[in-house]
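First up is the structure itself, then whatever we jot down about it.
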Amino acid sequence: MLDARWVRDNVEAVREAMANRGASWDFDRFLALDEERRELIAKVETRQARRNELSKEIGGLMKDGRRDEAEARKDEVRLINDEIAERDRHRDEVDAELRAMLLTIPNVPDASVPVGPDETGNVETYRWGAPPAFDFEPKAHWDLGPSLGIIDFERAVKLAKSRFVLLGGLGARLERALINFMLDEHTGHGYREWWPPSLANADTLTGTGQLPKFEDDLFKTSGEGTPLYLIPTAEVQLTNIHRDETLDASQLTLDYCAYTPCFREEAGSAGRDTRGMIRVHQFDKVEMVKFARPEDSMDELERMVRDAGHILERLGLAYRVIVLCTGDMGFSAAKTYDLEVWLPSYGDYKEISSCSNTKDFQARRAGIRYRDPSEFKGTRFVHTLNGSGLAVGRTLAAVLENYQRADGSVEVPEVLVPYMGGVRAIEPEA
RNA sequence: GGAGAGUUGGCCGAGUCGGUUGAAGGCGCUCGCCUGCUAAGCGAGUAAGGGGGUAUAAGCCCCCUUCGAGGGUUCGAAUCCCUCACUCUCCGCCA
């Protein structure tokens with residue numbers, strides 16, 4: 001959510017930002033409502049001040065026993081209250097529409113973000129490693145996994161439905177190994193580990209921007225009372241840990257990480273990545289989240305990208321980093337880097353991590369502030385960042401495909417051997 | 001699921017015949033004094049959100065709202081009534 005006052009004072013900048021994003025927004029409507037709102041507030045508050053004054057007088061008169069004078073003032077207050085109630089009704093309508101508008105406007109891209117219409121405008125900034133050269137025809141993980149007996153797509157459909165995955169044997173072990181390896185690396189770099197709920201309420205999902213605009217992307221439980229949603233990413237829970245809290249500047253930057261399952265409806269992605277475990281309804285992910293001072297947040301984004309890349313380097317997987325252009329960024333992000341891993345089955349690099357600085361966009365929605373008495377009075381919004389470190393399912397697919405051997409077996413990357421109980425290769429199950 | 005208690009400012013904790021209580025007191029924090037250093041001591045300050053004025057680097061001034069959330073009674077509610085959420089204790093059930 002953007003600050004209404006900031007939008008008012010920077011209309012042209014916001015208008016340009018939205019145009020660059022390919023987003024439309026009714027600025028004239030917003031400005032009219034904003035002005036109307038402020039007029040109503042001023043009028044109501046003047047009346048309220050008068051009412052408070054009269055009420056104080058009534059108290060004094062009652063104490064002195066001057067009942068008649070008190071009654072006259074009571075009548076006046078009653079009139080004022082009717083007037084205020086009328087204007088309040090009007091103001092509630094204006095407020096609701098304004099808030100709805102502000103909740104659906106995307107974040108303003110950072111000045112360093114390249115302008116572009118869609119993914120074709122993204123810019124590669126870094127490349128590490130080289131795709132493996134095979135002297136045989138490499139298999140895709142959706143063939144390799146079943147042939148090794150460690151991925152079972154058919155029975156996953158039986159248990160749930162399409163776009164779910166069932167891992168078995170060393171496949172399940174590899175998934176767990178990757179999770180533990182990633183968490184160990186991140187905690188070793190100072191990230192605090194968390195184990196959050198896999199369901200979240202509406203306030204939580206509104207705080208990070210999934211609601212109200214993207215409800216169709218979420219699985220929603222049908223229970224009575226407070227509706228709960230299955231989290232699409234641990235970013236939701238990690239960021240909301242500090243919702244409606246005021247942090248102390250000395251605590252910042254806070255580095256958090258967590259493993260969670262992630263659930264996505266994938267509405268609107270029919271036909272995309274239909275094979276394998278690249279795009280599924282449930283996947284595992286290790287997530288990183290940072291809470292930073294505004295002046296530090298862009299540096300912290302670079303650091304987060306390196307922390308995600310570090311995992312791929314330790315695993316020996318070739319990858320590249322791209323910065324998303326204005327037209328391809330997510331709703332909450334001010335700047336986003338994607339890390340893409342080499343996937344032989346795609347013959348291309350495929351997204352495996354997305355690291356974003358949302359600046360104060362989520363913090364304003366979620367009420368996450370910080371104080372720094374030596375620098376400024378009162379409180380300010382922190383900057384929040386999030387990034388995958390990494391999407392585990394896609395990492396597993398990348399390991400299988402990049403480490404496969406001519407005989408159909410898969411070598412276990414050196415760093416994972418301890419996590420695999422010493423197993424150095426995944427052989428076809430007899 | 002049943003019964004009871006509770007939800008106040010960064011933290012702890014007062015506050016019922018409803019009226020200078022936005023809120024005592026303590027801790028913490030900030031600034032100043034004192035001090036060989038530290039500690040202790042003394043003095044002052046210290047909630048957030050919103051609107052307006054002034055200035056636009058920060059700031060300063062006025063007003064409104066907020067004592068879990070929402071609604072009600074009243075001229076006026078942290079204080080009375082209703083609904084909901086959450087926390088704690090006991091019982092039941094259960095991995």
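Reminder, nothing fancy here: chain letters follow the sequence lines and each chain counts from 1.
- To the nearest angstrom, P of A77(B) lies 13 Å from NZ of Lys56(A).
- Every residue two or more places apart in sequence or in another chain that forms a side chain to side chain contact (heavy atoms under 4.5 Å, CB included) with Ser332(A) is listed here: Thr358(A), Phe361(A), Gln362(A).
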Within the 4.0 Å limit for protein heavy atoms, which parts of nucleotides 83-88 of chain B are touched? Write it as a string from 5' to 3', B for base, S for sugar-phosphate only, - for none. ------
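- Taking Arg369(A) as the reference, Thr246(A), Thr379(A), Phe381(A) meet the side chain to side chain contact (heavy atoms under 4.5 Å, CB included) condition, with sequence neighbours excluded.
- Residue contacts shown for Arg5(A) are limited to sugar-phosphate atoms, with no base heavy atom under 4.0 Å away.
- In this structure, Arg37(A) pairs ionically with Asp95(A), as a charged nitrogen and a carboxylate oxygen lie closer than 4.0 Å.
- A salt bridge does not link Asp3(A) with Arg8(A): none of the charged nitrogens is closer than 4.0 Å to a carboxylate oxygen.
- Here Leu54(A) lies out of heavy-atom contact (under 4.0 Å) with every strand.
- In this model, the phosphate group of G50(B) is not approached by any side-chain N or O of Arg37(A) to a distance below 4.0 Å at OP1 or OP2.
- Among residues two or more places apart in sequence or in another chain, the side-chain hydrogen bond (donor to acceptor under 3.5 Å, both in side chains) test is passed with Asp75(A) by Arg78(A).
- In this view, Lys220(A) and Glu215(A), Pro227(A), Tyr229(A) satisfy the side chain to side chain contact (heavy atoms under 4.5 Å, CB included) rule, not counting sequence neighbours.
- Proximity of residues 81-102 of chain A to RNA chain B (heavy atom under 4.0 angstrom from any strand atom) is restricted to Asn81(A).
- Taking the charged nitrogens against the carboxylate oxygens, Glu71(A) and Lys74(A) do have a contact shorter than 4.0 Å, which makes a salt bridge.
- A donor-acceptor pair is defined here as one N or O able to donate and one able to accept, closer than 3.5 Å; such a pair exists between the side chain of Asn201(A) and the backbone of Thr204(A).
- Atom C1' of nucleotide G49(B) and atom CZ of Arg364(A) are separated by 13 Å, given to the nearest angstrom.
- Residues meeting the ring pair (Phe, Tyr, Trp, His ring centres under 6.0 Å) test with Tyr403(A), sequence neighbours left out: none.
- For Arg272(A) and Glu266(A), the salt-bridge test fails: no basic side-chain N is under 4.0 Å from an acidic carboxylate O.
- Checked for salt-bridge contact, Arg303(A) and Glu300(A) meet the test: a charged N lies under 4.0 Å from a carboxylate O.
- Comparing A85(B) with G13(B), their P atoms sit 26 Å apart, to the nearest whole Å.
- Atom CD1 of Ile58(A) and atom P of U20(B) are 14 Å apart (whole Å).
- Considering only residues two or more places apart in sequence or on other chains, His310(A) meets the ring pair (Phe, Tyr, Trp, His ring centres under 6.0 Å) condition with His189(A).
- Mapping Arg38(A) and Thr379(A) onto RNA chain B via the closest heavy atom, the residue that lands nearer the 5' end is Thr379(A).
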For RNA chain B, produce a single dot-bracket line, 5' to 3'. Pairs: Watson-Crick or G-U wobble, both distances under 3.5 Å. Symbols: ( ) within strand, [ ] crossing, | other strand, . unpaired. ((((((((.[[[..)...(.....]]]((((((.......))))))((((((((....)))))))).[[[[[..)....]]]]])))))))....
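- When the P atom is used for both G32(B) and G19(B), the distance is 41 Å, rounded to whole Å.
- Under 4.0 Å is where a charged nitrogen must lie from a carboxylate oxygen, and between Arg293(A) and Asp296(A) at least one such pair does.
- Ranked by how close their nearest RNA chain B nucleotide is to the 5' end, Asp75(A) and Asp34(A) are led by Asp34(A).
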I'd like to compare against my own output: the B/S/- annotation of nucleotides 56-74 of chain B with a strict under-4.0 Å heavy-atom distance to protein. ---SS--BBS---------
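- Residues in residues 179-191 of chain A take part in these salt bridge (Lys or Arg N to Asp or Glu O under 4.0 Å) pairs, two or more places apart or across chains: Glu185(A)-Arg314(A).
- We find that CD1 of Ile41(A) is positioned 11 Å from C1' of G49(B), with the value rounded to whole Å.
- Between Asp248(A) atom CG and C29(B) atom C1' the separation is 9 Å, expressed in whole Å.
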Mind listing the N/O atom pairs, protein and nucleotides 6-11 of chain B, below 3.5 Å?
none

